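This is a predicted model, so every value here is computed, not measured.
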Amino acid sequence: MAAPKKGRSASAQSKPGRSLVLILIAIVALTGGMFASGHTTPRLGIDLAGGTSITLKAKADQGSAINKANMDTAVDIMNRRVNGLGVSETEVQTQGTDHIIVNIPKGTNSKEAQDQVGTTAKLYFRPVLASEPSGAAATPNPSPSASSKGGTSPSPSGSAAGDQKASATTPSATSTTQGRPVSGALKADATPSSSASPKASSTPAASPNPSASAAAGKLQAQYAALDCVKPAQRAKASQNSKPGDTIVACGQVGKAWYKYVLGPAAVDGTEVKKAQAVFDTQGASGWQVQMNFTSTGAKKFADVTGQLAKNPDPQNQFGIVLDGEVVSSPFVRTAITGGQAEISGSFTQQEAQSLANMLSYGALPLSFQKETVTTVTAALGGEQLHAGLLAGAIGLALVVLYLVIYYRGLSLVAMASLLVSAILTYVIMTLLGPGIHFALNLPAVCGAIVAIGITADSFIVYFERIRDEIREGRSLRPAVERGWPRARRTILVSDFVSFLAAAVLFIVTVGKVQGFAFTLGLTTVLDVVVVFFFTKPLMTLLARRKFFADGHKWSGLDPKSLGAKPPLRRTRRQSGPAAGSVDFQEA
């Protein structure tokens with residue numbers, strides 16, 4: 001057998017402490033990051049923590065293609081709906097190219113959650129009758145403006161429509177509807193006979209109809225009590241409302257929440273043909289949203305904007321309402337005709353694109369079919385977690401028992417390596433929770449249990465290579481270095497096959513099975529790191545210790561127990577008789 005290469009092997013043999021220091025630094029850094037993030041335990045999946053998990057599959061039956069843009073839009077809409085239920089830590093994310101997974105933690109009405117996601121919502125344009133900030137800390141923000149395309153139509157005050165944005169702001173927390181009591185605005189438009197036009201909002205007189213007065217009083221009380229800062233109240237503000245009803249609703253302007261009284265729907269969102277976010281290169285309005293209406297929608301929009309332009313602020317605004325929430329409330333200075341309109345304001349690119357998506361896809365851009373709905377109680381989740389941890393403990397105990405019986409002293413190296421691998425796995429899984437929303441579910445726990453065997457297999461391969469070298473008659477120090485290259489190749493090939501299987505499984509599956517694949521792939525990578533930077537350097541150091549180097553019977557490297565050959569001795573081959581020698585021959 002050829003002698004080991006001097007450069008690389010000799011360097012690794014002489015400086016094993018460097019690798020051990022590197023992996024120790026990595027463990028300390030990752031652990032410090034874990035505590036600094038405030039998350040010291042892995043994020044648990046629905047099947048362990050309890051809650052509802054819904055798997056939806058997209059179908060391209062609404063004239064829209066299944067692509068990343070439409071899937072992201074659907075995720076945004078679903079996320080807003082589920083968060084409207086007033087729960088935290090809800091997770092809505094795509095998996096693969098045509099699936100969306102919705103994970104809703106415990107404490108949420110499962111039936112209500114299923115009704116909220118995957119269904120088609122309606123988008124409406126409603127006239128604003130009254131609005132004010134909701135919450136003590138609310139700060140007024142400029143309202144976006146709506147104008148005809150091109151922004152050249154003069155307003156009643158003589159200013160250009162393109163300049164209207166800077167001339168109007170949302171009323172402050174102490175203001176009413178421009179000198180008109182809120183109660184008057186409610187009574188003027190709360191009658192059952194009120195039409196879709198906001199014209200009635202400019203008439204302060206209350207309806208003499210007693211039933212209408214009672215409805216107005218109820219709506220006024222609802223408006224006064226509404227606190228849009230609270231998610232539960234936002235979700236219930238306009239529940240079970242109809243297009244022809246006068247409603248109260250909430251909307252966010254910047255970081256502040258506003259509450260609104262909105263008249264009957266004037267334009268349906270289905271009458272928006274197209275909406276897109278564009279950057280105004282000609283003026284100073286920056287990002288804006290351009291809308292194109294259908295022929296029917298263009299006429300309705302021209303009528304409603306013509307009426308709104310005559311009203312004082314804020315009754316010259318219309319609310320764009322999606323899923324009962326006001327996503328924008330631009331004001332109007334002049335009638336917008338021609339079927340084209342622009343909404344401008346202090347938009348960022350992301351805000352403009354988000355509003356354009358909502359206008360284009362008031363309903364979900366794709367239809368979705370529920371594939372699986374899993375509801376797990378917190379008690380059942382706790383039982384499953386306990387069972388998974390128990391199974392992992394039993395598996396680990398069996399592996400350790402086998403190592404102790406068969407490898408004796410070498411089992412200490414294996415157990416130390418398993419401990420390092422377990423620490424790295426735990427810390428990385430904990431960091432991945434807030435980082436990429438990784439959740440440890442039951443299949444992921446199974447993947448971690450399988451990884452115990454994969455990691456132990458790598459140690460066994462290396463140990464057997466060392467023992468083979470000892471059987472050939474070599475001492476421990478050269479056996480450790482000679483056995484490593486062959487063991488390294490075997491370990492890399494084995495781990496590559498395992499990682500490839502995990503990667504394929506992760507790509508072709510969705511839902512909980514991906515948790516198994518992800519954990520298996522992660523622990524396979526960590527196995528390579530631990531073997532290269534911990535197990536091999538540790539064996540190099542232990543080979544210098546008398547207990548292992550002399551082959552103590554409890555070290556697991558006893559040459560006699562392994563059936564070793566006599567020690568190999570280097571000899572020179574003689575090409576002929578040595579100089580000065582004499583050959584004797586029997587007579």
Side-chain angles (χ1 to χ4, degrees), residues 1-24 26 399-400 402-421 454-496 526-575:
M1 182 178 292
K5 296 180 181 179
K6 291 184 178 180
R8 185 168 160 186
S9 297
S11 176
Q13 184 177 5
S14 60
K15 298 180 180 179
R18 181 181 299 176
S19 298
L20 294 175
V21 169
L22 285 176
I23 198 167
L24 178 62
V399 170
V400 170
Y402 169 80
L403 292 172
V404 170
I405 293 175
Y406 194 74
Y407 288 106
R408 300 186 180 183
L410 285 178
S411 64
L412 297 176
V413 179
M415 286 187 285
S417 301
L418 283 171
L419 178 62
V420 171
S421 180
I454 294 176
T455 305
D457 183 58
S458 298
F459 308 150
I460 291 172
V461 169
Y462 185 30
F463 294 161
E464 288 301 323
R465 292 298 187 189
I466 295 174
R467 288 157 70 116
D468 285 343
E469 295 294 330
I470 293 176
R471 291 187 184 98
E472 293 294 327
R474 293 181 176 84
S475 60
L476 180 59
R477 291 183 68 172
V480 167
E481 300 306 321
R482 286 177 175 272
W484 172 241
R486 290 192 297 170
R488 180 179 60 207
R489 288 194 295 269
T490 305
I491 291 169
L492 288 176
V493 170
S494 175
D495 283 345
F496 175 76
L526 291 178
D527 174 46
V528 176
V529 173
V530 171
V531 169
F532 274 70
F533 290 92
F534 184 79
T535 307
K536 166 58 174 61
L538 185 60
M539 279 302 306
T540 300
L541 290 177
L542 292 180
R544 303 171 184 176
R545 299 294 180 265
K546 185 177 179 181
F547 178 80
F548 289 95
D550 290 349
H552 191 280
K553 65 178 182 178
W554 288 104
S555 67
L557 297 169
D558 180 13
K560 184 177 179 180
S561 300
L562 296 175
K565 297 178 181 179
L568 293 177
R569 299 183 183 274
R570 294 185 180 274
T571 59
R572 286 186 184 177
R573 178 182 296 176
Q574 302 292 339
S575 58

Determine the minimum heavy-atom distance between [X] and [Y], stating which atoms define it.
{"X": "Ile491", "Y": "Ser458", "value": "CD1-O, 3.6 Å"}
{"X": "Arg408", "Y": "Ser555", "value": "CB-C, 4.4 Å"}
{"X": "Leu538", "Y": "Ala416", "value": "CD2-CB, 4.5 Å"}
{"X": "Ala479", "Y": "Glu469", "value": "CB-CB, 3.5 Å"}

Output the distance between atom [atom1] ([X]) and atom [atom2] ([Y]), rounded to the nearest 0.5 Å.
{"X": "Arg486", "Y": "Arg465", "atom1": "CZ", "atom2": "CZ", "answer": "5.0 Å"}
{"X": "Thr490", "Y": "Ile460", "atom1": "OG1", "atom2": "CD1", "answer": "13.0 Å"}
{"X": "Asp527", "Y": "Ile454", "atom1": "CG", "atom2": "CD1", "answer": "7.5 Å"}
{"X": "Leu557", "Y": "Ile470", "atom1": "CG", "atom2": "CD1", "answer": "4.5 Å"}
{"X": "Phe534", "Y": "Leu24", "atom1": "CZ", "atom2": "CG", "answer": "9.5 Å"}
{"X": "Thr540", "Y": "Arg477", "atom1": "OG1", "atom2": "CZ", "answer": "9.5 Å"}

Check your understanding: So among Tyr406, Tyr407, Phe548, Trp484, which one has a ring-ring contact (aromatic ring centres under 6.0 Å, His included) with Phe463?
Key ->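 Single ring-ring contact (aromatic ring centres under 6.0 Å, His included) partner of Phe463 among Tyr406, Tyr407, Phe548, Trp484: Tyr407.
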[Y] and [X], any side-chain heavy atoms less than 4.5 Å apart:
{"X": "Glu481", "Y": "Lys536", "result": "yes"}
{"X": "Ser494", "Y": "Val461", "result": "no"}
{"X": "Leu418", "Y": "Phe459", "result": "yes"}
{"X": "Val531", "Y": "Arg488", "result": "no"}
{"X": "Leu542", "Y": "Leu412", "result": "no"}
{"X": "Arg489", "Y": "Val493", "result": "no"}
{"X": "Tyr462", "Y": "Val413", "result": "no"}
{"X": "Phe533", "Y": "Leu20", "result": "no"}

Practice item. Would you please name every residue forming a side-chain contact (heavy atoms from CB on, under 4.5 Å) with Ser475, sequence neighbours left out? Key: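 side-chain contact (heavy atoms from CB on, under 4.5 Å) list for Ser475, sorted by chain: Pro478.
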Review point. Is the count of non-hydrogen atoms from other residues, nucleotides or ligands lying under 6.0 Å from Phe547 atom CZ greater than 12?
Key: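 Correct, the count exceeds 12.
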Would you please name every residue forming a salt bridge (Lys or Arg N to Asp or Glu O under 4.0 Å) with [X], sequence neighbours left out?
{"X": "Arg467", "result": "Glu464"}
{"X": "Asp550", "result": "none"}
{"X": "Arg545", "result": "none"}

**Study point:** Under the side chain to side chain donor-acceptor pair (under 3.5 Å) test, residues paired with Asp468 that sit two or more places apart
**Key:**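 Here the qualifying residues are Arg471.
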Practice item. List for me each residue that meets side chain to side chain donor-acceptor pair (under 3.5 Å) alongside Ser417, sequence neighbours excluded, and say none if there are none. Key: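 For Ser417 the side chain to side chain donor-acceptor pair (under 3.5 Å) partners, ignoring immediate neighbours, are Thr535.
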**Study point:** Candidate pair Leu403 and Leu410, rule side chain to side chain contact (heavy atoms under 4.5 Å, CB included), full reasoning
**Key:** CA-CA 8 Å; Leu403 292 172; Leu410 285 178; over 6 Å; no
